[in-house]
Amino acid sequence: MRRSVLCNLIFGLLVGLFTSCATSENGGYLTELNDDWFIQSADKVGAKGAEISQPVFVPDQWVKGTIPATVMTILRENGEYPDLFMGNNIEKVDDSRFKQPWWYRKAFEISNFDQNTVYQLRFEGLNYKANIWVNGHQVGEAAVIEGPFSRWTFDVSEYLVNGKNALAVEIIPPVKGDLTIGFVDWNPAAPDQNMGLWRGVELIQSKAVSIESPFVQTKLNRDNWTDAELTITTMVTNHSEKRENALLEIAIEGIGTVTKKVELEPGEARDVSLTSADYPLLSVKDAKLWWPNNLGEPHMYNMTVKAKVNGKVSQQLATRFGIREIEEYWNKEGHRGWKVNGQPLTIKGAGWVDDMFLADSKEKVIAQVEYVKHMNLNCIRLEGFWGRDKTIYDAADENGLLIMIGWSCHWEWEPYCGRPETDFMAITGKEEIERHALSYRDQVLYLRNHPSVFLWVFGSDKLPVPELEAKLNTYISNVDSSRPILAACKYQDFGTDHYNHSEVSGATGVKMLGPYSYVPPVYWYIDTIAGGAYGFNTETGPGPQVPPVESIKRMIPEDKLWPINETWNFHCGRHQFGSLDRYLNSFNKRYGEAGSLEEFAFKSQISNYEAIRPMFEAFQSNKFEATGVVQWMLNSAWPEMFWQLYDYYLVPNGAFYGTKKACQPLNAVYNYKDKNIYWVNDFNTARNSQSINIEVFDIHSKLVFTKEVQLDMQAHSSGLAFEMPHLEGVTETYFINLELRNENKELVTDNFYWLSTKADELLFEETTWVYTPPKDYANLKGLNGMPDVEVNVAWEQSSDADGVYYECQLENTSDQIAFFIEAAVVDKATNQMVVPVFWDDNYVSLMPNETKTITARLSGDILPDNVELRVEGWNLKK
């Protein structure tokens, strides 16, 4: 008999058959069935599911692969479609072969098969529909198994045998109108539309009673914010046909063990909770809290949950959790913000996207999460339920990064989802609302024990229809009442009188008004109608971020490298963002036209740095009228020129280091609007007796102004440090150097700006959701005439358990500024940067006669045999 394991909410179409659910990982009772799969298109398979799923079936001429993997991923890993990212090669793929079903098949062994063991088969994610067979028996039908974010679990105990077993899955691709995985205007769509087993498959074993989805909720004592009341909830199922008395045994490392007796009727599945009111051990004194990046350590507790029947373990799961409390607040201007453990914080985030074939390795995901921490960000926004496994969530837990997660705007616009547009997202109809509400609930159960996840989001640009929003609220609150919910990431459609004011939850309290294309630094300080530094901007940014030249050469054919042409445009975004034209218009007028690929690529890093830094700094220095900002985007799904702090190959660009500088928890900041100097303190504690040293240099490196300012910096605050005087006689292009020092006069951070007395001006009356057009431009062309300078470079290498370090000492021996210096560790064989790389600073400038040391950390596992240690700069002597 096939049994449902979903507690309390039984999807009517699935009663008595199967349903979605969630689990925590544990090697003793969970076996991943991810290796040694074979795939083949349906037109090349002459058999049906009942035959294909027989252990004796031979998948001759099938393609071998490892899941999670889409069809396209497995084909590419087997040598098909080489150089797919070069030029416009992806356009040449014949996608007709992906408009039919594909079969996935796996044989697996069960030794010591036990008739008294319950065997459940779980599919963590498939796209888009599926028929599923086990040992000749169909256990799942495409009429019901639909949607990429549902999780499907089947009791297959009666079908499995001792020895060899087989599993066959017929994947049916999405068609126009299906709500599938999508990338909107960020990049091309995958030719196979990401069809396949994009998340893993597991075989779950237990005796009569199973447990799943253990969850720890925290309530902190408001008097001291360190004592915690814990509530532990886990789903418990009786798979037998008789009443069972089970003993739940929950052990938390460093806290202790609690137990609870549970009586379950035949076939019963329900949530069981243990509260601190009943179990004093769950009242934790001086708890070790989980904190976001730069606010404290993200402490994690290990927990083991056992279900025992008649004194024997029926099932055991291990998980981790963090003790932390999330709450929202509304500022006096009516904008939503967030607190963690009672402390307000400015959300400093960026938008994540998976590889366009959903093929990110664990190592690449972890490196990217570590990049986010390294840039001093504290948040990742997932527009979509990304991640082909839990790697990104585990890594965010460990690195103290908040995650906001929800559905993509792919489901809101007709060109992408193929459904007519309304004021709401495209999930409509009673049956569809139920299916998608349950799929969202599946994701909540899958992720709710991750302290990094701080916000459940429903729509992106649009609200769900009221019926869906109400159902989502009910379903989610039943399994997780510990997090805020955001109905949509936008409140107003720019330039219209349409507002996302929900009849269920009211105003969203957040904004999504652009820009998404280039705007100059001053924009973030002076805009008051769109993306400027007020409220919570859920996605925005200064548009293109052209990568370094090495990465450009990996996506643009040699004969198309220069000048910029249609092949470059193909590697931009789509539709409104299909070229660099808006960027180039401002770039050329502000910096001057580049004469070569190399010059353009390097100048672009200067522009990237200059454009991104003030966005974050404006929000940072306007706490808490501005409650947060999410850079659109963090990364790219394929090699491109747009919306990225590092590129597809993990090479950081200028915006990476501009972000890192802007988001320092202690900072001295130049305000492009009033031209004054501000201070920022993100920490939960004050920093008193600090000082900021201000230096102004003209384009000839002549010091024209200097001032040291003493100040106290209150906890999680910002403020004016110094009102700059009018500077007489300064050149049109000039520089400001800021140094923040602590009470012992030790350098905390520096911040270096290249500026113009000629202001950028904007046509705010012509603002659209894309950007605000320029009216006039700052003149930074004086940079082009800076004299070459001699900088002495000395390298030292060392290593420890965390990696290999390259220390680069830069000594400016001249009386001129050495501008925008990049250090790199390069693979001599490929002439590519060794990545991922973690520089404590880069793209640095040296004042006259200054010496500065910057250090890179790399993993020893990725270092090639021969490396070149390279230093380049805007005006360094060759």
Side-chain angles (χ1 to χ4, degrees), residues 335 345-351 372 375-381 489 494 510-546 577 582-583 586-587 590 604-635 642-646 652-665 667-674 678 680 682 718 751-755 760 762 764 767 769-772 774 778 843:
H335 303 297
L345 78 165
T346 303
I347 298 295
K348 300 176 291 184
V372 175
M375 285 186 281
N376 294 307
L377 297 173
N378 58 24
C379 177
I380 299 170
R381 180 185 170 196
C489 286
F494 189 86
V510 301
K511 67 176 184 177
M512 187 195 292
L513 298 171
Y516 296 90
S517 197
Y518 179 81
V519 289
V522 71
Y523 170 89
W524 305 101
Y525 288 94
I526 64 176
D527 171 77
T528 59
I529 62 173
Y534 66 93
F536 179 41
N537 198 337
T538 61
E539 57 177 58
T540 191
Q545 275 106 19
V546 175
F577 311 104
R582 284 186 292 263
Y583 170 74
S586 292
F587 177 90
R590 299 175 87 249
S604 288
Q605 306 322 309
I606 300 173
S607 179
N608 290 341
Y609 194 116
E610 185 209 19
I612 198 72
R613 176 174 54 179
M615 181 186 78
F616 283 109
E617 288 183 343
F619 278 81
Q620 280 281 82
S621 59
N622 195 28
K623 301 174 182 285
F624 282 97
E625 182 181 340
T627 62
V629 60
V630 175
Q631 148 69 9
W632 196 253
M633 302 177 70
L634 171 70
N635 58 349
F642 249 79
W643 299 326
Q644 55 190 357
L645 301 181
Y646 52 88
N653 63 50
F656 181 104
Y657 296 105
T659 297
K660 178 175 170 57
K661 185 68 68 175
C663 295
Q664 297 170 121
N667 211 358
V669 170
Y670 172 78
N671 183 311
Y672 282 82
K673 177 182 178 180
D674 62 22
Y678 287 73
V680 175
D682 276 347
S718 60
N751 212 348
F752 181 75
Y753 296 83
W754 46 104
L755 303 167
D760 285 295
L762 293 157
F764 283 104
T767 297
W769 67 273
V770 176
Y771 82 133
T772 298
Y843 291 123

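Along the sequence shown, residues carry numbers from 1.
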Working to the nearest 0.5 angstrom, can you tell me the gap between Ser517 OG and Trp769 CH2? 10.0 Å

Apply side chain to side chain donor-acceptor pair (under 3.5 Å) to the pair Glu539 and Tyr516, showing each step before the final yes or no. CA-CA 8 Å; Glu539 57 177 58; Tyr516 296 90; 2.7 Å; yes

Cut-off 3.5 Å, side chains only: do Lys623 and Ser718 have a donor facing an acceptor? no

Have Asn751 and Gln664 got a donor and an acceptor in their side chains that come within less than 3.5 Å? no

Tyr525: which residues meet the ring pair (Phe, Tyr, Trp, His ring centres under 6.0 Å) condition with it, sequence neighbours left out? none

Ring of Phe752, cation from Lys661 - is the NZ or CZ under 6.0 Å from the centre and inside 45° of the axis? no

Got a second to check how far Thr346's OG1 is from Asp682's CG, nearest 0.5 Å? 6.0 Å

Any donor-acceptor pair under 3.5 Å linking the side chain of Thr772 with the backbone of Leu762? no

What's the spacing between Trp524 CH2 and Met615 CE if we round to 0.5 Å? 5.5 Å

Separation between CG of Asn608 and OG1 of Thr659, rounded to the nearest 0.5 Å: 9.5 Å

Would you say Asn537's side chain and Gly531's backbone share a donor-acceptor pair under 3.5 angstrom? yes

Not counting sequence neighbours, which residues clear salt bridge (Lys or Arg N to Asp or Glu O under 4.0 Å) with Lys660? List them please. none

Please evaluate residues Phe577 and Trp643 with respect to the criterion side-chain contact (heavy atoms from CB on, under 4.5 Å), reporting the C-alpha separation (whole Å), side-chain torsions for both, the decisive distance (0.1 Å), and the verdict. CA-CA 10 Å; Phe577 311 104; Trp643 299 326; 3.3 Å; yes

Work out which heavy atom in Ile612 is nearest to a heavy atom in Ala655; give both atom names and the distance. CG2-O, 3.4 Å

Measure the spacing between OH of Tyr843 and CD1 of Ile606 and express it to the nearest 0.5 Å. 9.0 Å

Please confirm whether Arg613 makes a cation-pi placement over Tyr753, using NZ or CZ under 6.0 Å from the six-membered ring centre and within 45° of the ring normal. yes

Donor-acceptor contact below 3.5 Å, side chain Thr627 vs main chain Phe624: no

With heavy-atom distances below 4.5 Å as the criterion, would you say the side chains of Asp760 and Pro774 are in contact? no

Interatomic distance, CG@Asn653 vs CD@Gln605, rounded to 0.5 Å, equals 5.5 Å

What one should report as the nearest heavy-atom pair of Ala533 and Asn622 is O-ND2, 2.6 Å

Hey, is the main chain of Ala662 close enough, under 3.5 Å, to the side chain of Lys348 for a donor-acceptor pair? no

